[in-house]
There are 2 protein chains.
Amino acid sequence: MIDKEDIYKKLKAGGHRITRQKMAILDILLDNTDTMLSAGEIRSRIPMQMKIDDATIYRNVQGFADAGILESMIDSSGLNLYKLCDSSPHHHLICTECGRIINFPCRVDFWKPYLKENNFIESHHVIEIYGKCSDCADK
Amino acid sequence: MIDKEDIYKKLKAGGHRITRQKMAILDILLDNTDTMLSAGEIRSRIPMQMKIDDATIYRNVQGFADAGILESMIDSSGLNLYKLCDSSPHHHLICTECGRIINFPCRVDFWKPYLKENNFIESHHVIEIYGKCSDCADK
DNA sequence: TTAAATGCAAAATATTTGCACGTTG
DNA sequence: CAACGTGCAAATATTTTGCATTTAA
């Protein structure tokens, strides 16, 4: 789905250098495109021979977000979570058991009337539905 | 709109004792029903002759949330924010300039089809629209 | 009076920053 | 080689916790 070379291209376009550390973090994100990971979860997935400093992880996920290659959210305990961007605008069904993320398309018209009614100028929105995915509901 | 005695009643029903500290925090929340406040913002609004420990503020807002008298969210920088509950299910237009919150009614049918499609069992949802309110847009 | 609440101090957690050194382009 | 990135250590910031003392009911 998501092309590694595309990502590298976007990063270079944004003035980023491709380092061993960034490649490792990207590999982890590419392996987890349907879950959002915290900095700590990224760290724990780094091959143990390879050491990457926490500060480097934090700096890089922020850099990636600035470059527009990943989306972020904050979970209910205040942790920052990240995953690679998809191309089309969408929202998330988030499984509270296994963390799986299922996308569904964005439908902006739902709240548009309320924007007009209140003369409110939207900059962005957050729509997340929490619950159990089919796999976890079965158990 | 929101009745103080109702709140006290709910708190007592939940086994809470009414203390000087809780009353002060509730007064602040009652004065700010259209903004969400962080623990720090609550602290800064406490009359200066009255000292309330940070730990007490944190314990109380959590207790209030457990008792169902306030709703909470986490802002984009990871801070916990709180405001007294309204009665009817709704979502928020959140002004990023002044912090004002405008409610608009919940319409669940928008994402229902995607729940069915994915056999997803919803427990709760978060819908927030960010931007500028009419007052702040004028400036 | 007694269970719950508070203040204080210390701990836990997540994230950020300064700086010297290493590495990429 | 020059700019950017990294590791390390220390600093922030928010929130949580243990415990002795106070207080509401």
Side-chain angles (χ1 to χ4, degrees), chain A residues 4-5 7-29 36-67 69-70 72-82, chain B residues 4-5 7-29 36-67 69-70 72-82:
Chain A
K4 209 165 174 171
E5 294 307 318
I7 295 178
Y8 287 167
K9 209 180 294 177
K10 277 192 194 172
L11 282 181
K12 284 179 186 167
H16 290 79
R17 290 178 179 175
I18 309 302
T19 62
R20 175 178 79 76
Q21 292 87 339
K22 284 176 188 166
M23 288 190 292
I25 294 171
L26 277 174
D27 285 342
I28 292 164
L29 291 168
M36 303 204 72
L37 301 178
S38 64
E41 288 167 329
I42 291 172
R43 178 184 46 227
S44 72
R45 285 168 168 76
I46 290 169
M48 51 178 171
Q49 351 93 19
M50 186 188 310
K51 299 271 183 241
I52 302 184
D53 194 81
D54 281 353
T56 301
I57 297 175
Y58 284 111
R59 280 188 278 233
N60 281 337
V61 288
Q62 272 183 219
F64 293 172
D66 293 344
I69 70 165
L70 56 76
S72 63
M73 60 166 282
I74 298 188
D75 77 7
S76 59
S77 69
L79 264 181
N80 280 93
L81 304 180
Y82 305 91
Chain B
K4 209 163 173 173
E5 293 309 318
I7 295 178
Y8 287 166
K9 209 180 294 176
K10 277 193 194 171
L11 283 181
K12 285 180 184 164
H16 288 81
R17 291 178 179 176
I18 310 302
T19 61
R20 172 179 79 76
Q21 292 85 340
K22 283 176 188 166
M23 288 191 291
I25 294 171
L26 277 174
D27 284 342
I28 292 164
L29 292 167
M36 304 203 73
L37 300 179
S38 65
E41 288 167 331
I42 292 172
R43 178 185 45 227
S44 71
R45 284 168 169 76
I46 291 170
M48 50 177 170
Q49 351 92 19
M50 186 187 310
K51 299 271 181 238
I52 301 184
D53 194 81
D54 280 354
T56 301
I57 297 175
Y58 284 111
R59 280 188 278 234
N60 281 338
V61 287
Q62 272 182 216
F64 293 171
D66 293 344
I69 68 164
L70 56 76
S72 63
M73 59 166 282
I74 298 187
D75 77 7
S76 58
S77 70
L79 266 181
N80 280 94
L81 304 180
Y82 306 90

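Values in this document were obtained by computation on a predicted structure and should not be read as measured data. Side chains are part of it too, since the values below use all heavy atoms of this structure and drop only hydrogens, waters and symmetry mates. Within every chain, numbering begins at 1; the chains are lettered A, B, ... in the order of the sequence lines, protein sequences first and strands thereafter.
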Using whole Å, report how far CE of Met23(A) lies from P of dT24(C). 8 Å
Electrostatic pair Lys4(B):Asp27(B) at N-O distance under 4.0 angstrom: yes
Measure from the side-chain heavy atoms of Lys22(A) and tell me the nearest of dT15(D), dA25(D), dT6(D). dT6(D)
Proximity to the side chain of Ala55(B) - top-ranked nucleotide from dA25(D), dT6(C), dC8(C): dC8(C)
Measure from the side-chain heavy atoms of Arg17(B) and tell me the nearest of dG7(D), dT15(C), dA3(C). dA3(C)
Can you check whether Gln21(A) has a side-chain N or O nearer than 4.0 Å to OP1 or OP2 of dG7(D)? yes
Rounded distance in Å - CD (Glu41(A)) to P (dA14(C)): 10 Å
Do the side chains of Leu37(B) and Arg45(B) get nearer than 4.5 Å, heavy atoms only? yes
With nearest nucleotide decided by heavy atoms, which residue, Ile18(B) or Gln62(B), maps closer to the 5′ end of DNA chain D? Gln62(B)
Earlier contact from the 5' end, DNA chain D, for Ile52(A) and Asn80(B): Ile52(A)
Output the rounded distance in Å from NZ (Lys12(B)) to C1' (dA24(D)). 10 Å
Nucleotide of dT16(D), dT6(D), dA14(C) approaching Thr19(A) most closely (side-chain heavy atoms): dT6(D)
Does OP1 or OP2 of dT15(C) have a side-chain N or O of Tyr58(A) closer than 4.0 Å? yes
With a 4.5 Å limit on heavy-atom distance, are the side chains of Met23(B) and Ile18(B) in contact? yes
Donor-acceptor pair under 3.5 Å, Arg59(A) side chain vs dG7(D) base: yes
Taking only the side-chain heavy atoms of Thr56(B) (C-beta and beyond), determine which of dA5(C), dC8(C), dT6(C) contains the nearest atom. dT6(C)
How many Å lie between CD1 on Ile42(B) and P on dT14(D), as a whole number? 13 Å
So, does Gln62(A) use its side chain to make a donor-acceptor pair with the main chain of Arg59(A) at under 3.5 Å? no
Compare every heavy atom of Met36(A) with every heavy atom of Glu41(A), then report the nearest pair and how far apart it is. OE1-O, 3.7 Å
Measure the distance from CG on Asp75(A) to P on dT13(C) and round it to the nearest whole Å. 15 Å
Could you tell me how far apart Asn60(B) (CG) and dT16(D) (P) are, to the nearest whole angstrom? 13 Å
Asp53(B) has an atom CG; how far is it from atom P of dA4(C), in whole Å? 21 Å
Rounded to the nearest angstrom, tell me the gap between atom CG in Asp66(A) and atom P in dC4(D). 15 Å
